[in-house]
Amino acid sequence: MKVGIVGLGHMGSALVKGMVKQDELNDLQVIALSSNAKKADELGISGMSDKATFAGQDFDILMLTVPAKVTVSVLQGLVEAGLSKKTVVLSAAAGVASDDLAAVASGNTVFTFIPNIPVAVNAGTIALAQSAQASDEEKQSVHALLAALGDVVEVKPDQIGIAGVVGGCSPAFIDVLMDAMEDAAVSKGMDRTVAFDIIASVVRGTASLAQQSDLSFSDLKGQITSPGGTTIKGVLALEENGFRHAVHQAILSANK
Ligand SMILES: NC(=O)C1=CN([C@@H]2O[C@H](COP(=O)(O)OP(=O)(O)OC[C@H]3O[C@@H](n4cnc5c(N)ncnc54)[C@H](OP(=O)(O)O)[C@@H]3O)[C@@H](O)[C@H]2O)C=CC1
Ligand SMILES: O=C(O)[C@@H]1CCC=N1
């Protein structure tokens with residue numbers, strides 16, 4: 001499979017890291033269009049800076065990981081530079097509608113998807129908007145590529161925005177939570193590195209248990225709050241300090 005990627009920023013680099021370390025993707029060739037030749041070298045892929053040479057590469061799949069506000073014009077530029085019509089376009093741009101992309105690449109099948117940064121370690125969550133125009137073969141090849149990077153969750157096109165927040169943005173919200181927990185542990189005398197190891201392990205384990213059980217998040221919380229114990233005191237402190245409301249506001253604000 002020949003994959004082109006435009007933009008080696010945070011998201012583009014994370015996708016490349018996940019793709020190059022994944023053995024399931026046999027005969028994968030990744031080529032980037034980037035202003036940063038050093039970054040492509042570091043990632044172990046070919047980098048190009050000339051748009052026309054890149055557009056002529058006859059890609060199976062093209063990933064767009066440039067800033068959302070320039071994504072439509074970047075795609076338009078590649079189409080004008082000779083992008084093959086058989087190339088399936090995957091746009092990661094949050095808030096950019098697939099119709100706007102399809103309008104400038106009318107001969108190509110276009111998907112919108114929202115990956116997240118953990119794709120770098122093949123533990124990503126990838127929301128993929130269903131594409132009415134895609135053939136079964138195109139759907140299969142897109143799914144195979146993305147599944148190598150993490151969990152693929154298909155969503156209706158009108159749900160990609162909120163999926164982008166709970167999937168794409170929320171690693172940052174969880175980082176804020178972990179950072180705050182680490183500071184509190186340090187204030188009680190724990191070494192920061194020890195606190196880091198404990199907290200990262202806790203988040204991984206909590207998520208694994210949730211995925212492997214049939215219980216709701218609320219029921220899982222109920223298993224930890226021993227009657228009259230310490231956890232319920234902490235949970236009530238979270239509620240009294242507006243934690244749940246703050247989380248709602250974070251999700252709703254990011255979805256505006
Ligand atoms: N960061 C995340 O967790 C997620 C991001 N996304 C989406 O991914 C996209 C990129 O986000 P992110 O990686 O965070 O942003 P970055 O700013 O880190 O990277 C964007 C990259 O795009 C290229 N670029 C910048 N400006 C232009 C331009 N005017 N024309 C062409 N290329 C340009 C540059 O690549 P180079 O240096 O190689 O030229 C730059 O490094 C956005 O559309 C965002 O919505 C989606 C889900 C999650
Ligand atoms: O902050 C952003 O706009 C991107 C989209 C999802 C995560 N990062």
Side-chain angles (χ1 to χ4, degrees), residues 3-20 30-55 57 61-81 83 89-98 100-101 104-105 110-129 142 145-146 149-155 157 159-178 249-256:
V3 175
I5 186 159
V6 190
L8 292 180
H10 294 103
M11 195 64 250
S13 297
L15 286 162
V16 171
K17 283 179 190 164
M19 286 190 280
V20 297
V30 183
I31 302 175
L33 177 62
S34 173
S35 60
N36 189 345
K38 198 168 149 232
K39 189 81 195 171
D41 278 352
E42 280 168 15
L43 291 166
I45 59 167
S46 310
M48 294 181 177
S49 56
D50 181 64
K51 185 166 63 176
T53 311
F54 178 81
Q57 292 297 310
I61 291 177
L62 175 75
M63 290 181 169
L64 298 172
T65 52
V66 295
K69 62 179 188 299
V70 301
T71 298
V72 171
S73 63
V74 165
L75 177 58
Q76 184 169 17
L78 290 168
V79 169
E80 288 167 1
L83 184 72
V89 177
L90 283 181
S91 163
V96 176
S98 58
D100 293 340
L101 295 156
V104 298
V110 177
F111 286 85
T112 49
F113 77 128
I114 298 286
N116 65 8
I117 288 291
V119 295
V121 291
N122 306 92
T125 311
I126 303 123
L128 176 66
V142 166
L145 179 64
L146 298 182
L149 300 170
D151 297 324
V152 181
V153 182
E154 283 205 25
V155 297
Q159 301 280 294
I160 194 78
I162 186 63
V165 176
V166 291
C169 304
S170 67
F173 306 155
I174 294 165
D175 286 330
V176 172
L177 170 66
M178 292 194 291
Q249 290 305 113
I251 303 275
L252 300 179
S253 298
N255 191 221
K256 276 179 189 160

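Note that ligands are numbered from 1 as they come in the structure, with each ligand's atoms numbered from 1 the same way. The residues of the chain are indexed from 1 along the displayed sequence. Every heavy atom of this structure was used, including side-chain atoms; hydrogens, water molecules and symmetry mates were not.
Heavy-atom proximity to I114, at under 4.0 Å, picks out these atoms of ligand 1: 47 (C). Shown in contact with S34 at under 4.0 Å from a heavy atom are these atoms of ligand 1, numbered in order with element: 36 (P), 38 (O), 39 (O). Close approach of ligand 1 to A68 is summarised as follows: ligand atoms under 4.0 Å from at least one heavy atom of the residue are 42 (C), 43 (O). Those atoms of ligand 1 with a heavy atom of S35 less than 4.0 angstrom away are 36 (P), 37 (O), 38 (O), 39 (O). Near I117, meaning under 4.0 Å from one of its heavy atoms, ligand 1 places the atoms 3 (O). Which parts of ligand 1 touch P115 is read off a 4.0 Å heavy-atom cut-off, strictly below it: atoms 47 (C), 48 (C). Per-residue contacts place G168 under 4.0 angstrom from the following atoms of ligand 2 (heavy atoms of the residue considered): 6 (C), 7 (C). Within ligand 2, counting atoms from 1 as listed, the ones closer than 4.0 Å to a heavy atom of A94 are 5 (C). If you number the atoms of ligand 1 from 1 as listed, the ones under 4.0 Å from a heavy atom of A94 come out as 45 (O).
The nearest protein heavy atom to atom 18 (O) of ligand 1 is closer than 4.0 Å. Less than 4.0 angstrom separates atom 5 (C) of ligand 2 from at least one non-hydrogen atom of the protein. Remark: atom 38 (O) of ligand 1 lies closer than 4.0 Å to at least one protein heavy atom.
With hydrogens and angles ignored, the 3.5 Å screen pairs a side-chain donor or acceptor of S13 with a backbone N or O of L8. At distances below 3.5 Å, not a single donor-acceptor pair connects side-chain atoms of S46 with backbone N or O atoms of I31. Between the side chain of T65 and the backbone N or O of V6, at least one donor-acceptor pair lies under 3.5 Å. Between the side chain of D151 and the backbone N or O of T125, no donor-acceptor pair lies under 3.5 Å.
Here the closest non-hydrogen pair linking A40 and G47 is CB-CA, 3.7 Å. Here the closest heavy-atom approach between residue L75 and residue L101 is recorded as CD2-O, 3.6 Å.
Taking CG from L90 and OG from S98, the interatomic distance works out to 11.5 Å, rounded to the nearest 0.5 Å. Of the inter-residue distances, the one linking L62 atom CG with L78 atom CG reads 6.0 Å to the nearest 0.5 angstrom. Distance CD/Q76 to CG/D100: 11.5 Å, rounded to 0.5 Å.
The residue from A92, G12, S13 that puts a heavy atom closest to atom 6 (N) of ligand 1 is A92. With L15, T71, V66 as candidates, the residue nearest to atom 43 (O) of ligand 1 on a non-hydrogen basis is V66. Around atom 11 (O) of ligand 1, the closest heavy atom drawn from K69, M11, K39 belongs to M11.
By the criterion of a heavy-atom distance under 4.0 Å, both the backbone and the side chain of P67 are placed next to ligand 1.
Shortest contact from atom 31 (C) of ligand 1 to any protein heavy atom: V74 CG2, 3.8 Å. In this structure, the protein non-hydrogen atom closest to atom 10 (C) of ligand 1 is T65 O, 3.5 Å. Of all protein heavy atoms, the one closest to atom 29 (N) of ligand 1 is V70 CG1, 3.9 Å. The protein non-hydrogen atom at the shortest distance from atom 34 (C) of ligand 1 is G7 CA, 4.4 Å. Nearest protein heavy-atom neighbour of atom 1 (O) of ligand 2: C169 SG, 4.9 Å.
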Evaluate side chain to side chain contact (heavy atoms under 4.5 Å, CB included) for V89 paired with L83, printing each intermediate quantity in order.
CA-CA 10 Å; V89 177; L83 184 72; 4.2 Å; yes
Evaluate the side chain to side chain contact (heavy atoms under 4.5 Å, CB included) criterion for residues M19 and I45: first the C-alpha distance (whole Å), next the side-chain angles of each, then the deciding distance (0.1 Å), finally the verdict.
CA-CA 10 Å; M19 286 190 280; I45 59 167; over 6 Å; no
For V142 and F113, run side chain to side chain contact (heavy atoms under 4.5 Å, CB included): C-alpha distance rounded to whole Å, both residues' side-chain angles, the deciding distance at 0.1 Å, then the answer.
CA-CA 10 Å; V142 166; F113 77 128; over 6 Å; no
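The shortest N or O to N or O distance between H10 and ligand 1 is below 3.5 Å.
Of the candidates N255, I114, I251, V166 forms a side-chain contact (heavy atoms from CB on, under 4.5 Å) with just one, namely I251.
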